[in-house]
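Take a look at the structure set out below.
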Amino acid sequence: MTKPKVLVTRKWPEAVEKRISENFDAKLNTADSPMTEDELIVAMKEFDALLPTVTDKVSDKIISTKESKVKIIGNFGVGFNNIDTESAKRNNIVVTNTPEVLTDCTADIAMLLMLGAARRGSEGEFHVRKKEWDGWRPTHMMGTKVTGKTLGLIGMGRIAQAMAHKSHLGFKMNIIFYDPYFDNQEIIKKFNALSCRSLEELLSKSDFVSLHCPSTKETQGLIDLDALKKMKSSAYLINTARGDIVVEEDLIKALNQSLIKGAGLDVYEAEPSVSPGLLKLKNVFLLPHLGSATEETREAMGMRVFDNVVKFFEGKEPRDRVV
Ligand code: DGY
C-alpha cells in the first residue's frame, strides 16, 4: 500500500521528523523557512496531509484550493486560530491540535513572566550585564511581592489550572477567575477559587491578571484601554495566550501613563514584530513566544500530531480532532 504524502511546514524536533519519515511519504522543511501562501496552495494539490504550525496562516484561500488532495490538517500547537476552521468544515477537511502536552511548560512561562515583571528580572539582568550595578542598597530596584497576592485568570482551561496550582500551592496566591463556560466545583474547591461574575470584577480585584482564553471573535481586543483602566494601578498583565486578545497600543498607553504597574508578554499582535512602544518600556518583561519551548514538550507536541495523523489514515477518529 502506498504511504500517505505529508508535508511538514517547518523544522520539527529530530525524533519526530524521523518517526514521520519512517511512516509516511514525507516532505520536511529542513531549511526551516516559512512557506508562502502560494507555496501552500501548490502543496494542497500534492499532499494528503498538511502539518502546519501556529505561525502558518492556513486561510480559506489555501484550504479551498481547487483539486486539493489534503484530507487532514494536523496543527503543531494547541491554539488553532491560524487555521480557518469554518473553511475546513466546508471543505470536509479534518483539523487536529496538540492539547495537554504543553500545559505545564506554558504555565511555567506564565509564572516566569509574572515573577520577571514583578521582580524586574530582565531590567536587573541588563543592569548587571551593562556594568551599571554599583552595589546593594536598601532602595535599589525594588519590585512587587508576588507571594500571597491575588491572581486573576481569564479563562480557566488546562493552562490556567496549571498556573493556579503553581501559584496557589507554591506562592500562596488567592485565585480568582473569569470564565463563563467553567463550573467544575472540584477544581474551584481545590484552589479555594472565586468565580467572578464579570470581567470587570476580575480586573478590579486582581494584583496579576493572566490571560488563558483562546483567540476568538469574542476575545480579540478584550483587553483594551477600558479594560486596562479597570485594573489596579499596582497590577500586572500577563499574556501567554494570543497577542490579539490585547490591544497592544492601548497596553503601551496604560504602561506609559502608569494606569497599571507592568506587564509580562510572550505573545504579540503581529508576531514576530513587536510594537516599538513596547520595546522602549522598562516595565514590561518580553519573551519571544516561548510558552511550549522545551525539548520535552516540543517533541511531545510533534508526536501528538503524528498520532493524530496515523489514526486518521487508519480510518479511526484522531484523538485531538477539533473539526
Ligand atoms: C500553541 O501551541 O498554541 C502555542 O502558542 C505554541 O506553543
Side-chain angles (χ1 to χ4, degrees), residues 8-13 15-17 20 29 32 34-35 50-59 72-85 88 94-114 153-163 166 179 210-220 222-223 237-246 248 263-274 285-309 318-323:
V8 181
T9 65
R10 297 300 294 263
K11 179 148 186 52
W12 285 15
V16 190
E17 289 193 338
I20 288 179
N29 182 350
D32 202 19
M35 293 182 67
L50 177 69
L51 311 188
T53 188
V54 296
T55 47
D56 295 307
K57 194 167 166 36
V58 188
S59 61
I72 175 167
I73 300 175
N75 202 40
F76 187 111
V78 66
F80 49 89
N81 58 313
N82 56 309
I83 299 168
D84 187 330
T85 49
V94 168
V95 178
T96 59
N97 71 340
T98 60
E100 294 156 7
V101 288
L102 46 62
T103 300
D104 262 311
C105 284
T106 307
D108 289 351
I109 285 287
M111 296 299 291
L112 173 63
L113 290 173
M114 179 166 68
L153 301 157
I154 299 184
M156 197 53 182
R158 281 179 291 257
I159 298 170
Q161 288 169 38
M163 189 180 186
K166 293 167 206 283
D179 185 337
S210 191
L211 306 180
H212 297 284
C213 47
S215 164
T216 61
K217 281 190 194 100
E218 288 75 41
T219 63
Q220 283 156 13
L222 186 72
I223 305 298
L237 178 74
I238 309 301
N239 191 5
T240 52
R242 281 293 181 266
D244 59 6
I245 299 168
V246 178
E248 220 160 85
L265 307 176
D266 190 40
V267 288
Y268 306 88
E269 240 174 33
E271 291 177 28
S273 115
V274 177
F285 185 82
L286 306 171
L287 293 177
H289 205 149
L290 293 183
S292 61
T294 60
E295 289 176 15
E296 296 88 338
T297 290
R298 288 287 165 84
E299 190 172 308
M301 289 167 78
M303 291 302 182
R304 195 82 175 218
V305 180
F306 172 76
D307 289 345
N308 283 324
V309 177
R319 176 175 175 185
D320 307 311
R321 181 170 179 173
V322 293
V323 169

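No hydrogens, no waters, no symmetry mates; every other heavy atom, side chains included, goes into these values. None of the values given here were measured: they were computed from a predicted structure. Each ligand, and each atom within it, is numbered from 1 in the order the structure gives.
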What's the shortest distance from atom 7 (O) of ligand 1 to any protein heavy atom, and which residue and atom give it?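 Checking every protein heavy atom, the shortest distance to atom 7 (O) of ligand 1 gives Ser292 OG, 2.5 Å.
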Strictly distance-based, threshold 3.5 Å: is any side-chain N or O of Thr103 a donor or acceptor partner for the main-chain N or O of Ile159?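 No, the answer is negative, given that no donor and acceptor are paired below the 3.5 Å cut-off.
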Keeping the roles fixed (side chain from Thr96, backbone from Asp320), state whether a donor-acceptor pair exists under 3.5 Å.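 Flag not set: sc Thr96 to bb Asp320 has no pair under 3.5 Å.
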Sub-4.0 Å atoms of ligand 1 with respect to non-hydrogen atoms of [X]:
{"X": "Val54", "result": "1 (C), 3 (O)"}
{"X": "Gly79", "result": "1 (C), 2 (O), 3 (O)"}
{"X": "Leu102", "result": "2 (O)"}
{"X": "His289", "result": "4 (C), 5 (O), 6 (C)"}
{"X": "Val78", "result": "1 (C), 2 (O), 3 (O)"}

Beyond-backbone contact of [X] with [Y], side-chain heavy atoms, under 4.5 angstrom:
{"X": "Leu211", "Y": "Ile154", "value": "yes"}
{"X": "Met301", "Y": "Val305", "value": "no"}
{"X": "Pro52", "Y": "Asn75", "value": "yes"}

Do any nitrogen or oxygen atoms of Thr98 lie less than 3.5 angstrom from nitrogen or oxygen atoms of ligand 1?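 In fact, backbone or side chain, Thr98 has no N or O that close.
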Below the 3.5 angstrom mark, is there an N/O of Arg242, backbone or side chain, next to an N/O of ligand 1? yes
Using a strict cut-off of less than 4.0 Å between a Lys/Arg side-chain nitrogen and an Asp/Glu carboxylate oxygen, indicate whether Arg10 and Asp56 qualify as a salt bridge.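 A salt bridge is absent here (no side-chain N lies under 4.0 Å from a carboxylate O).
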